[in-house]
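Data first, discussion second: the structure below is written as C-alpha cells.
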2 protein chains.
Amino acid sequence: MLSKKTKYAINALVYLSKKPPKQPILISEIAEHENIPQKFLEAILLDLKKAGILASKKGKGGGYFLLKSTDDVNMADVMRLFDGPIALLPCVTHKYYQKCDECVDEETCGIRSVFLEVRNQTVDLLKKATLAEIIKRGILIH
Amino acid sequence: MLSKKTKYAINALVYLSKKPPKQPILISEIAEHENIPQKFLEAILLDLKKAGILASKKGKGGGYFLLKSTDDVNMADVMRLFDGPIALLPCVTHKYYQKCDECVDEETCGIRSVFLEVRNQTVDLLKKATLAEIIKRGILIH
DNA sequence: TATTAGTCTATTAATACAATAGACTTTATA
DNA sequence: TATAAAGTCTATTGTATTAATAGACTAATA
C-alpha cells in the first residue's frame, strides 16, 4: 500500500494539474480541498519542489504550481520519492542493488528472477501513469 | 518491499519444495539452512499450515512438509497471507474495497483507474509465480 | 514413558510513519 | 519601507507496525 505521504502527494499534484499553468496556489487551499494536514503537506510540497516537479512563489500572491508538464510527471517518480524503491526485493532494484540477507545459496535466485519480472512490469506501468493520463481518465469517467 | 515474514515464508517454501514429497523436515533444519530465527519461523510455518499450504507431523520423525503441489502455491497467496492486499490503494483491492480517506471528489478516480490497472497486472504476474516456476528458473540459471 | 517436536500466548525491542509546533526567512505591495 | 502574506526549516511527539524473543503447554512416536 502507498503511504499517506505518497497519496497526499498524488492528490496535491492532480489538484495543481487542473489549475491554469504557473498560477501559484496556496498551501492552505490545497490542504483544505484535499483534506491534508497543512503542516504535513508543506513538507510534501517542499520535497516535490526539491525534486524539480513543483515550483513556488513566495510572498503575497504566492503559492505552489507545477513546474514540469503533466506528461512528464509519473507515478513511478512520485512513489520512489516518498516510499522508496518500487521493487519488492532489494536484489531487484534498479539503482540500489543489495543482496538479500536471506539469500543463502544461488539456487534461491529463482525467486529473484520472478520478482525482477514483477518489478519491471510494474515500473513500466507506473511510468505510463502520468498526471496527464490520470486527468484524462478522470474526465472520461464523468 | 516484502516484509521479512514474507521473505522467510518464501525461502522456507522453496526449501521444502526441493525435498522429497511428504517428507517431514525439522523446523530447526529450515531455520538453520535459511538463516531464519527459529521461533519466528515457527509462527510463519503455523500460518502457512492454517492456510492449507503446509502440513506437519508431530513427535519423533516429525516436521513440516508441503501439502499443496508446487504448481498450486503462488506468490500472490503468500504475500496476501503475510503482507495483506497487493493493491497499492484500498479502493482497488479485490476483496476489501474501501473508499480512500483522501478521496474528496469523484474526479480523483483517474487515480483509481490507473492503480487498478497496476494491481491487476501485478496480481496476474504473481499468480503465475508459483513455487514450481521459481524452482524451474533456479535450475535454468545454473 | 521419555523424548522429540509442534502449538500457543504474551511480551519486548526496534523502526518507520504520521502529525504537530514553532521559529525563521523571503517577497510583494500598499 | 513597513507589514502582512506566504514559504522554509528543525525538532519533537505520538502511534502503529514489524521483528524478534521467552516460556509454558500439548501431542505423538519409538
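In what follows, chains carry the letters A, B, and so on, assigned in the order in which the sequence lines appear, proteins first and then strands, with residues in each chain numbered from 1.
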Taking [X] for its side chain and [Y] for its backbone only, find out whether a donor-acceptor pair lies under 3.5 Å.
X: B:S17; Y: B:L13; answer: yes
X: B:D83; Y: B:S3; answer: yes
X: B:T122; Y: B:V118; answer: yes
X: A:R119; Y: A:I86; answer: no

Counted 5' to 3', the first and last nucleotides of DNA chain C within 4.0 Å (strictly under) of a heavy-atom of chain A are C:dA18 to C:dA28

Determine whether A:V14 and A:L67 fall in the same hydrophobic cluster, where Ile, Leu, Val, Met, Phe, Trp and Tyr are linked whenever their side-chain heavy atoms lie under 4.5 Å apart. no

Take the protein atom [atom1] of [X] and the nucleotide atom [atom2] of [N], then report the distance between them rounded to whole Å.
X: A:Q38; N: D:dA6; atom1: CD; atom2: C1'; answer: 10 Å
X: A:F40; N: D:dT12; atom1: CZ; atom2: C1'; answer: 15 Å
X: A:K39; N: D:dG14; atom1: NZ; atom2: C1'; answer: 18 Å
X: B:I27; N: D:dT21; atom1: CD1; atom2: C1'; answer: 15 Å
X: B:I36; N: D:dA20; atom1: CD1; atom2: P; answer: 10 Å

Close residues, residues 41-49 of chain A, relative to DNA chain C [heavy-atom separation under 4.0 Å]: none

Look at the aromatic rings of A:H33 and A:Y15 and report parallel, tilted or perpendicular, splitting at 30° and 60°. tilted

Relative to the 5' end of DNA chain C, which residue comes earlier, A:P37 or A:G59, by the nucleotide with the nearest heavy atom? A:P37

Of B:L45, B:L41, B:I27, which meets side chain to side chain contact (heavy atoms under 4.5 Å, CB included) against B:I36? B:L41

A:F65: which residues meet the ring-ring contact (aromatic ring centres under 6.0 Å, His included) condition with it, sequence neighbours left out? none

Shortest side-chain distance from A:K58, nucleotide among D:dA20, D:dA5, D:dT8: D:dT8

